[in-house]
Chemist: 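Quick one: the structure is below, and I'll ask about it shortly.
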Amino acid sequence: QAQLVEYGGGVVQAGGSLSLSCTGSVSPFSDYAMGWFRQGPGKEREFVAGISRYSSKTVYTDSVKGRFTISKDYNNRMAYLQMNYLKAEDTAVYYCAAKRTRSTDEVPTTGNYDYWGQGTQVTVSS
């Protein structure tokens, strides 16, 4: 059973930065698009950012465009989410997810990913 594990959550002041990491045992790693989702208090889980198999395409939800950056490291089977200019409304549990895609440019934005991490808490204090 493939596993994804997130690292890097924590507490940060508004305007600050955090970097989330996700390590995955999905194989081959290059067959998978990676996504980050989040679920805030009392909210449904939402798509945050996604990256295609070979990093040729990235997609972001509007609320994080220009502030968050998703990336992949194939050699180390890692996915990252760099979060800058954090806001209180970014407070949520963040989940890493992997989906095997046929197209190298596909970036799924719905929740039908194949594998999920356990989540890491990000708290932004205002």
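Small disclaimer: the values here were computed from a predicted structure and weren't measured. Hydrogens, waters and symmetry mates play no part in the numbers below; they use all other heavy atoms, side chains included.
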Chemist: I'd like to know if Lys65 pairs up with Asp62 as an ion pair, taking the criterion as any Lys NZ or Arg NE/NH1/NH2 lying under 4.0 Å from an Asp or Glu carboxylate oxygen.
Modeler: yes
Chemist: Is there a donor-acceptor pair under 3.5 Å between the side chain of Asp73 and the backbone N or O of Asn75?
Modeler: yes
Chemist: So which atom in Ser17 and which in Asn84 form the shortest heavy-atom distance, rounded to 0.1 Å?
Modeler: OG-OD1, 2.9 Å
Chemist: Is it true that a side-chain atom of Lys99 and a backbone atom of Asn112 form a donor plus acceptor pair closer than 3.5 Å?
Modeler: yes
Chemist: Tyr94 side chain to Val48 main-chain N or O, any donor-acceptor pair under 3.5 Å?
Modeler: no
Chemist: If only atom types and distance count, is the side chain of Arg38 paired as donor or acceptor with the main-chain N or O of Ala92 below 3.5 Å?
Modeler: no
Chemist: So, does Thr69 use its side chain to make a donor-acceptor pair with the main chain of Gln82 at under 3.5 Å?
Modeler: no
Chemist: Can you tell me if Asp105 and Ser52 form a side-chain donor-acceptor pair at under 3.5 Å?
Modeler: no
Chemist: Taking the six-membered ring for Trp, are Phe47 and Tyr60 closer than 6.0 Å centroid to centroid?
Modeler: no
Chemist: Return the minimal non-hydrogen interatomic distance between Val26 and Ala98, and the atom names on each side.
Modeler: CG1-CB, 4.2 Å
Chemist: Is it the case that Tyr32 and Ser27 place a side-chain donor and acceptor less than 3.5 Å from each other?
Modeler: no
Chemist: For the residue pair Trp116 and Gly111, what are the closest heavy atoms and their distance?
Modeler: CZ2-O, 3.2 Å
Chemist: Looking only at atom types and distance, does a side-chain atom of Lys72 sit under 3.5 Å from a main-chain N or O of Tyr80, one as donor and one as acceptor?
Modeler: no
Chemist: How close do Val12 and Gly16 get, heavy atom to heavy atom, and via which atoms?
Modeler: CG2-CA, 3.9 Å
Chemist: Got Asp90 and Met83 here, is their nearest side-chain heavy-atom distance under 4.5 Å?
Modeler: no
Chemist: Quick check: are there more than 12 heavy atoms from other residues, nucleotides or ligands sitting under 6.0 Å from CD of Gln3?
Modeler: no
Chemist: Could you check if a side-chain atom of Tyr7 sits within less than 4.5 angstrom of a side-chain atom of Leu20, using non-hydrogen atoms only?
Modeler: no
Chemist: Minimum heavy-atom separation for Tyr95 and Glu6, please, with both atom names.
Modeler: CA-OE2, 3.3 Å
Chemist: Tell me, do Val5 and Gln118 make a side-chain contact under 4.5 Å, heavy atoms counted?
Modeler: yes
Chemist: Give a yes or no on whether Leu4 and Val107 share a hydrophobic cluster (residues Ile, Leu, Val, Met, Phe, Trp, Tyr; joining criterion: side-chain heavy atoms under 4.5 Å apart).
Modeler: no
Chemist: Determine, for Arg100 against Asp31, whether the closest basic-nitrogen to carboxylate-oxygen distance falls under 4.0 angstrom.
Modeler: yes
Chemist: One pair to check against side chain to side chain contact (heavy atoms under 4.5 Å, CB included): Arg53 and Phe29. What are the steps and the verdict?
Modeler: CA-CA 8 Å; Arg53 287 170 54 181; Phe29 192 68; over 6 Å; no
Chemist: With a 4.5 Å limit on heavy-atom distance, are the side chains of Phe37 and Cys96 in contact?
Modeler: no
Chemist: Does Tyr85 offer a backbone N or O that forms a donor-acceptor pair with the side chain of Arg67 under 3.5 Å?
Modeler: yes
Chemist: Which heavy atom of Ala79 sits nearest to which heavy atom of Trp36, and what is that distance?
Modeler: O-CZ2, 3.9 Å
Chemist: Would you indicate whether the side-chain heavy atoms of Val122 and Thr91 approach each other to under 4.5 Å?
Modeler: no
